[in-house]
Asks: 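Please find one structure pasted underneath; my questions will follow.
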Amino acid sequence: MTVDFSPGLASISTFRDAEACARARRIPRSRITEHPNPDFRIRVIESPSEFYQAFAADLVGEIRRSRDAGQGLVLILPVGPVPQFEIAARQINRERLSLAHVTTFNMDEYADSSGTTAPITWAGSFQRAMWDSFFSRIDEELRPPETQIHFPTSEIVADYSTMVEDAGGADVVYGGIGWGGHIAFWEPHLADEFRDDPAGYRAAGARTVELHPITIMQNALHSFGGDWSWVPPFACTIGPREILGARRRSFWLDGDLGNGYSWQRFIARLVAHGPVTEYVPGSLLQEAGADYTLLGSVADDLVISMA
């Protein structure tokens, strides 16, 4: 017997439109790639190996094209997803592809309650993750000069947006989508500061932010062994200004837990097919345009399964 039950939204939900959530939830896998904006291109790649190979090929392709054109390349890079970086580094080494023309800006870095960012020596540092998974795996003579590799530390976060602009602006911003809909660590509750100023929201740049509770739980789940007490409460991050101002946006959603479970199925749909709202920051990609690639398990239908 089926009984209708509408429990409403928990207080942790910054986005409060229950009907929009229900509409997003009902989108089947068979229709998930449909979108009215032709510049917002959704695709599904079934297997993780093909997904990360495609991500790596995209990144290396941008590096190769700019080199062949004799142009500089400014990239904004995430830590999440991560596996593509090792694949890309191997390809760069095989091709002897110099990154001397590449300047990178990482999206974000964890910070403590005073806003001081984690040192590279800490296991959870995004700087450490990038060096371990990418930069140190590229042969030294092929790497970008370290002066062209940037992270939004507490010492420079106030100037980080200007640094991106002084480098010519981002050619490509790569990223994922957070459980609560964030892009970088630009969290949904920041919309409260711009309630009557959508233009100001879109022009907001790098800053220190307090992480949303859903973000704390997401990162505890996939990076900290489930220990929410270990996840830093703040982060330094880029803002909508850098993401919307990039010449291209390429977002990759791989939130798979194995055994048929994905934490990203709902938010992938709400970002791509829900209303464009500052309370779901990733939804701005619908207007700006993006390549939006889903792992097969992320695209699967949403069902209740009491396993």
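For this chain, numbers begin at 1 and follow the sequence in order.
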Asks: Mark yes or no for whether Asp256, through its side chain, and Gln264, through its backbone, hold a donor-acceptor pair below 3.5 Å.
Replies: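 No; zero donor-acceptor contacts below 3.5 Å.
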
Asks: Examine distances only and state if a side-chain atom of Thr103 and a backbone atom of Gln148 form a donor-acceptor pair shorter than 3.5 Å.
Replies: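 No.
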
Asks: Is the backbone of Ala299 close enough, under 3.5 Å, to the side chain of Arg29 for a donor and an acceptor to pair up by distance?
Replies: no

Asks: Checking side-chain polar atoms at under 3.5 Å, does His150 have a donor or acceptor matched by the opposite partner on Thr104?
Replies: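 No - no donor-acceptor pair under 3.5 Å links their side chains.
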
Asks: Show your working on side chain to side chain contact (heavy atoms under 4.5 Å, CB included) between Glu95 and Arg64 and close with a plain yes or no.
Replies: CA-CA 10 Å; Glu95 292 189 26; Arg64 189 189 303 112; 2.6 Å; yes

Asks: Between Tyr279 and Asp192, does a side chain to side chain donor-acceptor pair (under 3.5 Å) hold up when you go through it step by step?
Replies: CA-CA 8 Å; Tyr279 287 98; Asp192 286 337; 2.5 Å; yes

Asks: Identify whether the distance between the nearest side-chain nitrogen and carboxylate oxygen of Arg43 and Asp291 falls below 4.0 Å.
Replies: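 Salt bridge absent between Arg43 and Asp291.
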
Asks: Check whether any side-chain heavy atom of Glu242 sits under 4.5 Å from a side-chain heavy atom of Ile76, and report yes or no.
Replies: yes

Asks: Could you check Val164, Val173, Leu75 and say which one makes a side chain to side chain contact (heavy atoms under 4.5 Å, CB included) with Phe105?
Replies: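 For Phe105, the side chain to side chain contact (heavy atoms under 4.5 Å, CB included) test succeeds with only one of Val164, Val173, Leu75, which is Val164.
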
Asks: Are any of the side-chain heavy atoms of Pro188 and His212 separated by less than 4.5 Å?
Replies: yes

Asks: Do the side-chain N and O atoms of Asp254 and Tyr52 include a donor-acceptor pair separated by under 3.5 angstrom?
Replies: yes

Asks: Just so I know, are the side chains of Leu99 and Arg143 near enough to count as touching, which here means a heavy-atom distance under 4.5 Å?
Replies: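 Contact flag for Leu99/Arg143 side chains = no.
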
Asks: What residue pairs, at least two apart or across chains, pass side-chain hydrogen bond (donor to acceptor under 3.5 Å, both in side chains) with a residue in residues 166-185?
Replies: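 Non-adjacent pairs meeting side-chain hydrogen bond (donor to acceptor under 3.5 Å, both in side chains): Asp58-Tyr174, Asp171-Arg247, His182-Glu187, His182-Thr215.
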
Asks: Could you tell me if the side chain of Phe224 sits less than 4.5 Å from the side chain of Ser229, heavy atoms only?
Replies: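 SC-SC contact between Ser229 and Phe224 ruled out.
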
Asks: Between Val303 and Leu295, is there shared hydrophobic-cluster membership here, with clusters defined by ILVMFWY side-chain heavy atoms closer than 4.5 Å?
Replies: no

Asks: Taking the basic N atoms (NZ, or NE/NH1/NH2) and the acidic carboxylate oxygens, is any pair closer than 4.0 Å for Arg137 and Asp132?
Replies: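 Not counted as a salt bridge, because no side-chain N and carboxylate O are separated by less than 4.0 Å.
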
Asks: When you check the side-chain N and O atoms of Glu109 and Ser125, is any donor under 3.5 Å from an acceptor?
Replies: yes

Asks: For residues Ile183 and Gly176, report the shortest heavy-atom separation together with the two atoms involved.
Replies: CG2-O, 4.3 Å

Asks: The test is side chain to side chain contact (heavy atoms under 4.5 Å, CB included); show your working for Glu165 and Arg241 and say whether it passes.
Replies: CA-CA 10 Å; Glu165 290 169 0; Arg241 175 172 160 186; 2.7 Å; yes

Asks: Is any side-chain heavy atom of Val102 less than 4.5 Å from a side-chain heavy atom of Ile63?
Replies: yes

Asks: If I take atom CD from residue Gln127 and atom CD1 from residue Ile149, how far apart are they, to the nearest 0.5 angstrom?
Replies: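 The CD atom of Gln127 sits 11.0 Å away from the CD1 atom of Ile149.
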
Asks: Is there a continuous path of hydrophobic side-chain contacts, each under 4.5 Å between heavy atoms, that joins Met217 to Leu9?
Replies: no

Asks: For Ile238 versus Ala184, what's the shortest heavy-atom pair and its separation?
Replies: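 Of all heavy-atom pairs spanning Ile238 and Ala184, the closest is CG1-CB, 3.7 Å.
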
Asks: Search all heavy atoms of Trp186 against all heavy atoms of Gly239 and return the closest pair with its distance.
Replies: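 What the structure gives for the nearest pair is CE3-CA, 3.6 Å.
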
Asks: Treating Ile, Leu, Val, Met, Phe, Trp and Tyr as nodes and any side-chain heavy-atom pair under 4.5 angstrom as an edge, say whether Val172 and Phe151 lie in one connected cluster.
Replies: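 Yes, Val172 and Phe151 fall within the same hydrophobic cluster.
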
Asks: For Arg26 and Leu302, what are the C-alpha separation, side-chain angles and deciding distance, and is it a side chain to side chain contact (heavy atoms under 4.5 Å, CB included)?
Replies: CA-CA 7 Å; Arg26 291 192 294 264; Leu302 281 150; over 6 Å; no

Asks: Answer yes or no: is there a donor N or O on one side and an acceptor on the other, between the side chain of Asp139 and the main chain of Asn93, under 3.5 Å?
Replies: no

Asks: Can you tell me if His101 and Gln71 form a side-chain donor-acceptor pair at under 3.5 Å?
Replies: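 No.
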
Asks: Without swapping roles, check the side chain of Arg23 against the backbone of Gly274 for a donor-acceptor pair under 3.5 Å.
Replies: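 No.
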
Asks: Nearest 0.5 Å, please: how far is CG in Leu221 from CG in Leu257?
Replies: 5.0 Å

Asks: Would you say Glu34 has more than 12 foreign heavy atoms packed within less than 6.0 Å of its CD?
Replies: yes

Asks: Locate the shortest heavy-atom distance separating Gly72 from Ser66; write the atom from each residue and the value.
Replies: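 Closest approach of Gly72 to Ser66, heavy atoms only: O-CB, 4.3 Å.
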
Asks: Report whether Leu284 and Val209 are members of the same hydrophobic cluster (ILVMFWY, side-chain heavy atoms less than 4.5 Å apart, transitive linking).
Replies: yes

Asks: Okay, side chain of Thr33, backbone of Ile42: is any donor-acceptor separation there less than 3.5 Å?
Replies: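 Between the backbone of Ile42 and the side chain of Thr33 there is no qualifying donor-acceptor contact (under 3.5 Å).
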
Asks: How close do Ser161 and Ala206 get, heavy atom to heavy atom, and via which atoms?
Replies: OG-N, 2.8 Å

Asks: Are any side-chain N or O atoms of Asp159 and backbone N or O atoms of Thr162, one a donor and one an acceptor, separated by less than 3.5 Å?
Replies: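 It does not hold such a pair.
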
Asks: Is it the case that Thr116 and Ser154 place a side-chain donor and acceptor less than 3.5 Å from each other?
Replies: no

Asks: Under the 3.5 angstrom rule, does the side chain of Arg265 hit a backbone N or O of Ser297 as a donor-acceptor pair?
Replies: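 Here the side-chain-to-backbone pair exists.
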
Asks: Among Thr293, Leu253, Leu294, which one satisfies side chain to side chain contact (heavy atoms under 4.5 Å, CB included) with Phe51?
Replies: Thr293

Asks: Go through the steps for Gln53 and Glu50 under the test side chain to side chain contact (heavy atoms under 4.5 Å, CB included), then give the verdict.
Replies: CA-CA 5 Å; Gln53 288 283 353; Glu50 292 177 1; 5.5 Å; no

Asks: Determine whether Met107 and Leu77 make a side-chain contact, defined as any pair of heavy atoms from C-beta on separated by less than 4.5 Å.
Replies: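 Counting from C-beta outward, Met107 and Leu77 never come under 4.5 Å.
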
Asks: Heavy-atom count around Asn259 CG within 6.0 Å, excluding the residue itself: above 12?
Replies: no

Asks: Counting the benzene-type ring for Trp, do Tyr110 and Phe185 have ring centres under 6.0 Å apart?
Replies: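 They qualify: ring centres under 6.0 Å apart.
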
Asks: Indicate, with yes or no, if Ile243 and Ile177 share a hydrophobic cluster defined by side-chain heavy-atom contacts under 4.5 Å among Ile, Leu, Val, Met, Phe, Trp and Tyr.
Replies: yes

Asks: Scan Phe55, Phe85, Tyr292 and name whichever one has a ring-ring contact (aromatic ring centres under 6.0 Å, His included) with Trp252.
Replies: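 Considering Phe55, Phe85, Tyr292, a ring-ring contact (aromatic ring centres under 6.0 Å, His included) with Trp252 is found only for Phe55.
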
Asks: Rounded at 0.5 Å granularity, tell me how far OG in Ser136 sits from CZ in Arg128.
Replies: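 If I round to the nearest 0.5 Å, the distance is 10.5 Å.
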
Asks: Test your reading of the model: is there a side-chain donor-acceptor pair from Asn37 to the backbone of Asp39, 3.5 Å cut-off?
Replies: yes

Asks: Can you tell me how far apart CZ (Phe126) and CG (Asp108) are? Round to the nearest 0.5 Å.
Replies: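 Rounded to the nearest 0.5 Å, the CZ-CG separation comes to 5.0 Å.
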
Asks: Work out which heavy atom in Leu211 is nearest to a heavy atom in Ala235; give both atom names and the distance.
Replies: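 Minimum heavy-atom contact is CD2-CB, 3.8 Å.
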
Asks: Can you run down the salt bridge (Lys or Arg N to Asp or Glu O under 4.0 Å) pairs that involve residues 197-219, sequence neighbours left out, and say none if there aren't any?
Replies: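 Qualifying pairs, neighbours excluded: Glu193-Arg207, Arg202-Glu278, Arg202-Glu287.
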
Asks: Keeping Asp17 on the side-chain end and Glu19 on the backbone end, is there a donor-acceptor pair under 3.5 Å?
Replies: yes

Asks: When rounded to the nearest 0.5 angstrom, what distance separates CG in Asn106 from OG1 in Thr153?
Replies: 11.5 Å

Asks: Inspect the surroundings of CH2 in Trp122 and state if more than 12 heavy atoms from other residues, nucleotides or ligands are less than 6.0 Å away.
Replies: yes

Asks: What is the distance from atom CG of Asp300 to atom OH of Tyr261, rounded to the nearest 0.5 Å?
Replies: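 Rounded to the nearest 0.5 Å, the CG-OH separation comes to 12.5 Å.
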
